[in-house]
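These notes concern the structure reproduced below.
Nothing here was measured: the structure is a model prediction, and the numbers come from that model. Chain naming here is simple, since letters A, B, ... match the order of the sequence lines and numbering starts at 1 in each.
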There are 2 protein chains.
Amino acid sequence: MTQTPGPTAARRGRPRSAAVDRAVIDTVLRLLTEGTSFADLSMENVARQAGVGKATVYRRWPGKDALLLDVLAAVEAPPAEPAGHSLREDLIASIEAIRHRTLAKQENALLRNMLLHLHSSPELWQRYYETAIVPRRRTLARLLERGVAEGELRPEIAEDLELAMDMVAGPVLYRATIRPDLLQDDTLAERIVDWFLQGARPQDGKTPGPRYA
Amino acid sequence: MTQTPGPTAARRGRPRSAAVDRAVIDTVLRLLTEGTSFADLSMENVARQAGVGKATVYRRWPGKDALLLDVLAAVEAPPAEPAGHSLREDLIASIEAIRHRTLAKQENALLRNMLLHLHSSPELWQRYYETAIVPRRRTLARLLERGVAEGELRPEIAEDLELAMDMVAGPVLYRATIRPDLLQDDTLAERIVDWFLQGARPQDGKTPGPRYA
DNA sequence: ACGATACGAGACGGCACCGTATCGTTAATC
DNA sequence: GATTAACGATACGGTGCCGTCTCGTATCGT
């Protein structure tokens, strides 16, 4: 997998079984979903649970980090791309997608483990970030840019798109990580987006603006 | 510590050294700050680093979890309570406090470790949540309630105070956990609060409201 | 058929940590 | 000064994982 010996050259002998790769990766995902942390994952136990020889695992991956790298690559990128109706509806769909994704045990387990290793394993984090976060974020960015272009959002929003994205996605992601119990609310995405838009639309006439007491 | 044998009864023999408690807890905090995760912390190494006998540690705490419980209790509750000037300024100070706290390595390490064990160690999470999160949250809640009472914020905000708090604190906490690189901006708290207030103030006249395309 | 390679199973030595016990020493109370 | 308990140090047996290696078997190219 990570180190296929011959490229596409006529390889001799018995070929590697693709079923083994799947079995190992599926087992890791299952264990993570069941609450095992990265640290508690052992090559030994993974091999045992997958019904696979330990040497077979080491033949494919030199160690746990390399295996985890492939596990992250295996969680498929989301199709997403709401790109449909009104800005409001698309934003709601986008936030709702985040909410649902982080409610799923597997995604949640991956996220929490990756957050712990954000600093200690930059390579792992990089892979996770680009697989799981960047696509969603790009979708959201395009939505906001379109909103600005069509005059539905204040022009200043385009100047710091990162902040705008965090203003609308931050609340749900905060709950996803710190208060998962408050994530059940089905109307959450809608209420967040409406609130966000209230401060994001062009001001008609008298702008309230920062008022000092 | 967790299990002082005699209450205040005239204890015989050599008394336990308070310096040992501090040395052990300080060592744990140091190791965590240096990047060691909860899982990688071993009683053996903690004792060694603290210059303390292993049995001495076990005399105070039955295991790692009990020790960590006391470590969490040792991070002092913040005085905070801005309670000063305008609503806007108090909100900014409150958000800015969150930003600074999560920029500190020790707080950051604790937060990340706790997030991973949110589900697996509810007792630990409980302690951390009440020590580190609840006080800040209560301050923020009082601020918003006061804002509503004085007519600076829309009355509906009082109906779901949790959501309001997450709307204003979510963005910075999102960055604290997932995008620490975007947390350096000194004007961040101010911009978030102003944006938040723009959607949180009472609407004068024509309310934009949800607009469908 | 035959050589090459992957397979599951598991033995191997080594290592870090677990939690307990045993030293001689130290600092309290009686 | 005798008793009592905590101290640092260190040894103890036990456990789980590491990464390598060797079996006998299965599956491919030639």
Side-chain angles (χ1 to χ4, degrees), chain A residues 1-28 31-32 34-71 113 120-121, chain B residues 1-28 31-32 34-70 120-121:
Chain A
M1 197 132 185
T2 24
Q3 43 178 14
T4 322
T8 323
R11 310 248 347 283
R12 314 221 333 162
R14 177 176 176 175
R16 292 196 183 166
S17 160
V20 167
D21 295 65
R22 273 184 281 108
V24 171
I25 289 181
D26 287 353
T27 299
V28 171
L31 290 175
L32 288 174
E34 287 170 358
T36 311
S37 69
F38 280 7
D40 290 335
L41 274 180
S42 70
M43 297 292 267
E44 188 130 2
N45 192 33
V46 167
R48 201 182 316 135
Q49 300 274 334
V52 147
K54 207 174 12 160
T56 302
V57 178
Y58 277 104
R59 195 175 292 120
R60 289 166 162 72
W61 301 280
K64 192 162 66 176
D65 280 10
L67 170 54
L68 286 176
L69 221 51
D70 276 359
V71 169
N113 274 284
S120 51
S121 307
Chain B
M1 197 134 185
T2 25
Q3 43 178 14
T4 322
T8 326
R11 311 249 346 284
R12 315 217 337 160
R14 178 177 176 174
R16 293 195 183 167
S17 160
V20 167
D21 295 64
R22 273 184 282 108
V24 171
I25 289 180
D26 286 354
T27 299
V28 171
L31 290 175
L32 287 174
E34 288 171 358
T36 310
S37 69
F38 281 8
D40 290 335
L41 273 180
S42 71
M43 297 292 268
E44 189 130 3
N45 192 33
V46 167
R48 201 181 315 135
Q49 300 275 331
V52 149
K54 204 174 14 160
T56 302
V57 178
Y58 277 104
R59 195 174 292 119
R60 284 151 216 264
W61 299 280
K64 191 163 66 174
D65 280 10
L67 171 54
L68 286 176
L69 220 53
D70 276 359
S120 52
S121 307

Below the 4.0 Å mark, does [N] have OP1 or OP2 next to a side-chain nitrogen or oxygen of [X]?
| X | N | value |
| --- | --- | --- |
| B:Thr56 | D:dG8 | yes |
| A:Arg59 | C:dC7 | yes |
| A:Arg12 | D:dC28 | no |
| B:Arg48 | C:dC17 | yes |

By nearest atom, which of the nucleotides [options] is closest to the [X] side chain?
| X | options | answer |
| --- | --- | --- |
| A:Arg16 | C:dA6, D:dT20, C:dC18 | C:dA6 |
| B:Met43 | C:dC18, C:dG8, C:dT29 | C:dC18 |
| B:Lys54 | C:dG19, C:dC7, D:dT4 | C:dG19 |
| B:Arg14 | C:dC30, C:dA27, C:dC17 | C:dA27 |

request  = Evaluate the criterion side chain to side chain contact (heavy atoms under 4.5 Å, CB included) for residue pair A:Val20 and A:Val24; output intermediate values, then yes/no.
outcome  = CA-CA 6 Å; A:Val20 167; A:Val24 171; 4.2 Å; yes
- Task: Looking at every strand, decide which applies to B:Ala47 at a 4.0 Å heavy-atom threshold: base, sugar-phosphate, or nothing.
- Result: nothing
Counting any heavy atom closer than 4.0 Å, what does B:Gly51 reach on the DNA or RNA strands: base, sugar-phosphate only, or nothing? sugar-phosphate
Mate of D:dC17 across any strand shown (Watson-Crick or G-U wobble, both atom pairs under 3.5 Å) is C:dG14
In Watson-Crick or G-U wobble terms, with both distances under 3.5 Å, the base opposite D:dA26 is C:dT5
Could you state the [atom1]-[atom2] distance from [X] to [N], rounded to the nearest angstrom?
| X | N | atom1 | atom2 | result |
| --- | --- | --- | --- | --- |
| B:Leu41 | C:dC18 | CG | P | 10 Å |
| A:Glu44 | D:dT15 | CD | P | 15 Å |
| A:Gln49 | D:dG16 | CD | P | 14 Å |
| B:Asp65 | C:dC18 | CG | P | 12 Å |
| B:Asn45 | C:dG19 | CG | P | 15 Å |
| B:Leu31 | C:dC17 | CG | P | 11 Å |
| B:Asp40 | D:dC17 | CG | C1' | 14 Å |

Requested in this report: Given side chain to side chain contact (heavy atoms under 4.5 Å, CB included), test B:Asn45 with B:Leu31 step by step and report yes or no.
Outcome: CA-CA 10 Å; B:Asn45 192 33; B:Leu31 290 175; 4.3 Å; yes
Contacts of A:Gly13 and B:Val20 projected onto DNA chain D by closest heavy atom; the upstream (5') one is B:Val20
Contacts of A:Ala55 and B:Ser17 projected onto DNA chain D by closest heavy atom; the upstream (5') one is B:Ser17
Side chains of A:Leu69 and A:Asp65: does their closest heavy-atom pair fall under 4.5 Å? no
Between A:Pro15 and B:Lys64, whichever has its closest DNA chain C nucleotide further toward 5' is A:Pro15
Check: Can you tell me if A:Lys54 uses its side chain to pair, donor with acceptor, with the backbone of A:Met43 under 3.5 Å?
Finding: no
The reported gap from CG in B:Leu41 to CG in B:Leu32 (rounded to nearest 0.5 angstrom) is 5.0 Å
Output for pair (B:Ser37 OG, A:Phe38 CZ), nearest 0.5 Å, gives 12.0 Å
